[in-house]
Amino acid sequence: MRKESIYGLTYDRLKDWLVENGQKRFRADQVWDWLYCKRVKSFSDMKNVNKDTIHLLEDHYVIQTLDEAVKQESKDGTIKFLFELQDGNYIETVLMRFDYGLSVCVTTQVGCNIGCSFCASGILRKNRDLSSGEIVEQIMNVQHHLDDQGKNECVSHIVVMGIGEPFDNYDNTLDFLRIVNDQKGLSIGARHITVSTSGLADKIYQFADENLQVNLALSIHAPNNELRTRIMKINKAYPLEKLMPAIDYYLEKTNRRITFEYILLDDVNDHVEEAKQLVELLKDKRHLSYVNLIPYNPVADHPYERSRKQNILKFYETLLENGINCGVRVEQGSDIDAACGQLRSKQIEKAKKKKKASVS
Ligand code: SAH
Ligand code: SF4
């Protein structure tokens, strides 16, 4: 039987498990400290933990389940990691450098079932959910990389914007958030974490009720149902008249600002008409809204192009003139396929070609 990653346990679950297995409660503090503060890479390096506990941990858990397959560094300092999971699947994680800190973009699923028509992850369908351990381990691997550089740098921000729909893997994503936010461990501030969803309304209600300070981003991408359904088929299940009340509930409950992500696709959703419709959609919540305009990263075999500069500018100005806070996302790591799902697609293509070549 494959052992689970130790990083998948919240502090409370680790403590309960150790106690159930005859260990003292304080062992949980020690183990947690070795994992997240001293950041050892094997149980046997946990020096002040007794042999019994070490053996128990080794019998049931592993520290490393992700295998680094590729690491690409961009000119701007962005680093993209491709990890192979224990079952041979690949996932991506990206480290980005900003003036406010180091931000990591994590993946939550192998592929994605939402199937947005512009997205590289969507083409491949979901193979499986990631465990909470596999999501936490992405952060730990990046942090270990930083530790190895010896510059005393720490991951300070997290965006849950890699491959997958986090709200389609809700419980594991929430455990992940609790683990990285735990003050005894990595202690990454909830306000420094953003979860992005394609708009699973039921889960937005649930997320609002969690009482977390984590930021929410909604991939809106179109201001009317006809267009939104065309590019995001999830809009059939959760059309705007179901989605926007969920957003209103979230805003009322948390009083936290929401980011609306809007990918600009040339001659699809980037006309002034759509900008005006977006203003209408958001005007009653503009005090708590921020629209992030995203220049599209073209994906092979997808019909879309990036919007032209003057259209991006016109869209931006229309929002701004009508009192909607907005900005255009600055690209990171475009020379290394840092956009959602792109490196993984390439790796899978390569693996397929290899297979074909070995068959013929
Ligand atoms: N599934 C979630 C989170 C992962 S996608 C969601 O859809 O929100 C994170 C963001 O990247 C989303 O806003 C998504 O629309 C955007 N994205 C996907 N493919 C992209 C591409 N090729 N270029 C630019 N942004 C892209
Ligand atoms: Fe899935 Fe998000 Fe890509 Fe849509 S944009 S296919 S929800 S990862």
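In each ligand, atom 1 is the first atom listed, and ligand 1 is the first ligand listed.
- Within the 2.8 Å limit, Cys116 places at least one N, O or S atom next to atom 4 (Fe) of ligand 2.
- Between Tyr296 and ligand 1, not a single N/O pair is under 3.5 Å apart.
- Residue Ser198 approaches ligand 1 through these ligand atoms, each under 4.0 Å from one of its heavy atoms: 6 (C), 7 (O), 8 (O).
- Under a 4.5 Å side-chain heavy-atom cut-off, the cluster of Ile, Leu, Val, Met, Phe, Trp and Tyr residues that includes Phe26 has no other member.
- Near Ser198, with a cut-off below 4.0 Å to any heavy atom, the atoms of ligand 2 are 7 (S).
- Between Tyr170 and Phe207, the angle of the ring planes goes over 60°, which puts this pair in the perpendicular group of the 30/60° scheme.
- Not a single heavy atom of Ser219 sits less than 4.0 Å from an atom of ligand 2.
- Near Gly162, with a cut-off below 4.0 Å to any heavy atom, the atoms of ligand 1 are 4 (C).
- With atom 5 (S) of ligand 2 as the reference point, the heavy atom nearest to it among Ala120, Cys119, Ser117 is part of Cys119.
- No hydrogens or angles considered: a donor-acceptor pair under 3.5 Å links the side chains of Arg256 and Asn215.
- To the nearest 0.5 angstrom, Leu85 atom CG is 6.0 Å from Leu130 atom CG.
- Residue Cys112 counts as close to atom 1 (Fe) of ligand 2, with an N, O or S atom under 2.8 Å.
- With rounding to the nearest 0.5 Å, the separation of CZ in Arg178 from CG in Leu9 is 14.0 Å.
- Near Val299, meaning under 4.0 Å from any of its heavy atoms, are these atoms of ligand 1: 22 (N).
- Neither the backbone nor the side chain of Leu218 comes within 4.0 Å of ligand 1, counting heavy atoms alone.
- Of the heavy atoms in Asn297, both backbone and side-chain atoms come closer than 4.0 Å to ligand 1.
- For Glu58, the side-chain contact (heavy atoms from CB on, under 4.5 Å) test picks out Phe43, Ser44, Ile54, His55, with sequence neighbours left out.
- Considering backbone and side-chain atoms alike, Gly164 places an N or O below 3.5 Å from some N or O of ligand 1.
- By the 6.0 Å and 45° rule, Lys184 stacks over the aromatic ring of Tyr11.
- Under the 3.5 Å distance criterion, with hydrogens and angles disregarded, no donor-acceptor pair is assigned to the side chains of Tyr36 and Asp182.
- Checked against a 6.0 Å centroid threshold, the rings of Tyr290 and Phe260 do not count as neighbours.
- Tyr205 and Tyr249 have tilted rings, their planes meeting at an angle from 30° to 60° on a 0 to 90° scale.
- Ligand 2 places these atoms under 4.0 Å from at least one heavy atom of Gly115: 6 (S).
- Between Val195, Thr107, Ile263, Leu200, it is Ile263 that holds the heavy atom closest to atom 17 (N) of ligand 1.
- Remark: ligand 1 atoms within the under-4.0 Å shell around heavy atoms of Thr197 are 6 (C), 8 (O).
- Heavy atoms from both the backbone and the side chain of Glu165 come within less than 4.0 Å of ligand 1.
- Near His221, meaning under 4.0 Å from one of its heavy atoms, ligand 1 places the atoms 13 (O), 14 (C), 15 (O).
- For ligand 2, the atoms sitting less than 4.0 Å from at least one non-hydrogen atom of Gly164 are 8 (S), numbered in the order shown with element in parentheses.
- Judged by distance alone, the side chains of Ser117 and Tyr304 do bring a donor and an acceptor atom under 3.5 Å apart.
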